[in-house]
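Some notes on the structure that comes next.
Source: prediction; values computed, not measured. Just so you know, ligand 1 is whichever comes first in the structure, and atom 1 is the first atom listed for that ligand.
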Amino acid sequence: MVSTKVKLCSLELDNPVIPASGTFGFGYEFAELYDINILGSISLKGTTAQPRFGNPTPRIAECPAGMINSVGLQNPGIDAVISQELPKLAECFSKPAIANISGFSVEEYVECCSKADKAEQIGILEVNVSCPNVHNGGMSFGTSPEAAAEITRAVKAVTTKPVFIKLTPNVTDIVSIAKACEEAGADGLSLINTMLGMRINLKTKKPVIANKMGGFSGSAIFPVALRMVYQVYEAVKIPIIGMGGVSSAQDVIEMMLAGATAVQIGAQNLVDPYACKNIIESLPGVMQEYSINNLEDIIGGAH
Ligand code: SIN
C-alpha cells in the first residue's frame, strides 16, 4: 500500500494534487462532476479587493500543447468570495482551501489577505505577484525582488496562515525573487505562473487576443516550470508548490523529484475537467511502477 500523503506547512494533504487558480472556479462548480474531496486542496479563483469584469474579449488563444489567456482577474471581489462563494464550497468540500489573492497596490494585497486569513475554510494564502494580464499590478510586483519582498512583508504582518508567493517565470532570474520572498518571511512559494505569449490571426493580420498578449500555459511549458522548481529548490528552504503544464501522474512525480511538495494542475483542467481526478486515481499505480512507496520521500530527490 503506497502513501500519497504530503505535509504542506501546517496542512496534511491526502495527496499533492491541487487544481490551479483560475482553472477550477471556486471548486463547487466541479462537484457536479465528481466528489471534489478527493483533491489535496483547491486554489480558488484569483481574487481582488473590488469585483472585476476582466479584460475585453477575445481572451483566449489556442496553441499546440497549450493555450494563452488574458482573463484579467475577473472575479466578484473578496467580500463576495467570503460571503457567497466560500459557503457554496463548504457544502461540497470539507478540506482547507487556498485563497489566491491579487492586487494593484500593497494596500490592496493587505486588505484582501487579511480578510481571507480570517475565513475558516482558508488554509493557505497564495499571493499572486505574477498575473501578466493587468497593468500596474500583478506581475509588476513579481518581477523585482524588492517589490516581491515588500508585498510579502506587508501580507505577513496582517496574517496568521501560511503565505505562499506565486512567482512569474517572466524574469531573468527567478531564484533572486524566490530568495527575496523567503527572506521577507514567505512560508512557501508557488511557481510558475504563465509565460507571456501571443498569437496573430493570419486572416485579420492582428493579434488574436484583444489585449494583444496573454499568459501561455499547458503541457508545452512543463520543462520550463520543472527547471525553475529545480533551481528554486536549490536556493530556498521553504516548501514549493510546483505548477506549469502538469498533465499526468508522471508529471506530478517529476515535479516532486525537482523539489515540489505539492503540485497544481492548471490548463489540463480546461482540456479535461476530470484531469485532477484521473491523476489522483492513477498516482498509486505510477508510484508502484517506479518503486515509490511514500510520495513525501521523493521531494527534491533529483538533486
Ligand atoms: C488572469 O486572470 O488574467 C489570470 C491570472 C494570472 O495569470 O495570474
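Interface of Asn133 with ligand 1, defined as ligand atoms under 4.0 Å from a residue heavy atom, comprises 1 (C), 3 (O), 4 (C). Counting the atoms of ligand 1 from 1 in the order shown, those under 4.0 Å from a heavy atom of Pro132 are 7 (O). Taking every non-hydrogen atom of Asn69 and a distance limit under 4.0 Å, the qualifying atoms of ligand 1 come out as 1 (C), 3 (O), 4 (C).
A donor atom on one side chain and an acceptor atom on the other are found under 3.5 Å apart for Asp272 and Asn278. In the model, Gln250 has no side-chain atom that pairs as donor or acceptor with a side-chain atom of Glu289 under 3.5 Å.
The protein non-hydrogen atom at the shortest distance from atom 8 (O) of ligand 1 is Asn128 ND2, 2.7 Å. For atom 2 (O) of ligand 1, the closest non-hydrogen atom on the protein side is Leu73 N, 2.7 Å. Shortest contact from atom 7 (O) of ligand 1 to any protein heavy atom: Asn193 OD1, 3.2 Å. For atom 5 (C) of ligand 1, the closest non-hydrogen atom of the protein is Cys131 SG, 3.8 Å.
A distance of 9.0 Å separates CD1 in Ile240 from CG in Leu167, rounded to the nearest 0.5 Å.
Under a 4.0 angstrom heavy-atom cut-off, Gly72 registers as being in contact with ligand 1.
Using a 4.0 Å cut-off between a side-chain N of Lys or Arg and a carboxylate O of Asp or Glu, Lys156 and Asp187 qualify as a salt bridge. Between Lys115 and Glu111, at least one side-chain nitrogen of the basic residue sits less than 4.0 Å from a carboxylate oxygen of the acidic one, meeting the salt-bridge criterion.
Between Phe104 and His135, the ring center distance fails the sub-6.0 Å criterion.
On a distance-only criterion, Gln74 and ligand 1 share no N/O pair closer than 3.5 Å.
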